[in-house]
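Just so it is clear, the model here is predicted, and its values are computed rather than measured.
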Amino acid sequence: FNQALQLKPDFTDAYNGRGLTKSMLGNHKGAIEDYNQALQLKPSFALAYSNRGLAKFYLKDTKGAMADYTQALQLNPHLAVTYSNRGRLKSTLGDHKGALADLNQAVQLSPDVAQFYNDRGLTKLESGDHTGALADFTKAISLKLDFAKAYFNRGMAKSALGSHESAIVDFNNAIRLDPKLTQVYNNRGIEKARTGDSKGAMADFNHAIQAKFELAKAYYNQIGRAHV
């Protein structure tokens, strides 16, 4: 991208691409600078608004992210990923009704994208629609069989519905597919405790503690919830 911009300083796609790369590397402020440059050169660049919105979201600038997502969709109402990102942002802000409207639109535009079903499932889970969430996570898994986070999220939905043994199966699959999802151990430990497997629960809580994920919560679970 740097070389492309040296050859053609007004190459808006290169600024957008370099911004994406910076954001993937965790340099969200640098990414925003590139998106700003792209938008200065091409104010109608909907995807640059969308990507800048995501970078702002990562920097916890929710107001700026919402404005950019909305502007992107005004310029191009067919950006499914932007509907999904804005939907998750709305859910984070407590607007579950508005979130579902956006996520439904994302699914309608791109019905074969597993991530959008997963995102909608999360919003349903957060709003208390555990059955609807379960259906969405199952659909996401059917579209992407190695979707570790969808297995984890479906396990959470099953747990909320009281299907603890089945939740453990999903947590097992999440760990098998992505051992780095260390938060799963904490949740699996809770389910094992609820099903009477105190030894297995203790092992999972210890693993969660060792991985330093939500250390205080894991200690609480180890001490106080081994016999839930």
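Although no hydrogens or angles enter the test, the distance criterion places a donor-acceptor pair under 3.5 Å between the side chain of Ser142 and the main chain of Lys139.
Between Phe205 and Gly189, the closest heavy-atom pair is CZ-C, 3.4 Å. For the pair Arg52 and Tyr35, the tightest heavy-atom approach, listed with the atom from each and the gap, is CA-CD1, 3.4 Å. Taking each heavy atom of Ala106 and Phe116 in turn, the nearest pair found is O-CD1, 3.7 Å. Between Pro43 and Tyr49, the shortest heavy-atom distance links the atoms O-CE1, 3.3 Å.
A heavy-atom distance below 4.5 Å is found between the side chains of Leu41 and Tyr15.
Between the side chains of Ser84 and Arg120, no donor-acceptor pair of N or O atoms lies under 3.5 Å. Between the side chains of Arg88 and Asn85, not a single donor N or O lies within less than 3.5 Å of an accepting N or O. With no hydrogens or angles considered, no side-chain donor-acceptor pair links Asp204 and Asn186 at under 3.5 Å. A side-chain donor-acceptor contact under 3.5 Å links Asp119 and Gln115.
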Do Arg194 and Glu191 pass the salt bridge (charged side-chain N to carboxylate O under 4.0 Å, His left out) test, and can you show the C-alpha distance, the side-chain angles, and the key distance before you say yes or no? CA-CA 5 Å; Arg194 285 172 173 164; Glu191 298 308 300; 3.0 Å; yes
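Atom OG1 in Thr82 sits 9.0 Å away from atom CZ in Arg86 (nearest 0.5 Å). Between the NZ atom in Lys124 and the CZ atom in Phe137 there is a gap of 9.5 Å [rounded to 0.5 Å]. Atoms CG and OG, on Leu73 and Ser50 in that order, are 7.0 Å from each other to the nearest 0.5 Å. To the nearest 0.5 Å, atom CG of residue Asn187 and atom CG of residue Leu181 are 10.5 Å apart. We find the CG-CG distance between Leu134 and Asn153 to be 11.5 Å, quoted to the nearest 0.5 Å. Here CZ of Arg18 is found 13.5 Å from OG of Ser23. Values are rounded to the nearest 0.5 Å.
By the criterion of side-chain heavy atoms lying less than 4.5 angstrom apart, applied directly or through intervening Ile, Leu, Val, Met, Phe, Trp or Tyr residues, Val81 is grouped together with Leu143 in one hydrophobic cluster. Under a hydrophobic-cluster definition in which Ile, Leu, Val, Met, Phe, Trp and Tyr are linked whenever side-chain heavy atoms come within less than 4.5 Å, directly or via other members, Tyr185 and Phe171 are assigned to the same cluster.
Cluster partners of Met24, using a side-chain heavy-atom cutoff of under 4.5 Å among ILVMFWY residues and allowing indirect links: none. Taking Ile, Leu, Val, Met, Phe, Trp and Tyr as members and joining any whose side-chain heavy atoms lie under 4.5 Å apart, directly or through other members, the hydrophobic cluster of Tyr151 also contains Ile141, Leu177.
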Could you pull out all donor-acceptor pairs under 3.5 Å where a side-chain atom in residues 53-62 meets a protein atom, sequence neighbours excluded?
unit_1	atom_1	unit_2	atom_2	d
Lys56	NZ	Asp68	OD2	3.1
Asp61	OD1	Gly64	N	2.9

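Cation-pi check for Lys42 over Phe45 is met; the charged atom lies under 6.0 angstrom from the ring centroid and within 45 degrees of its normal.
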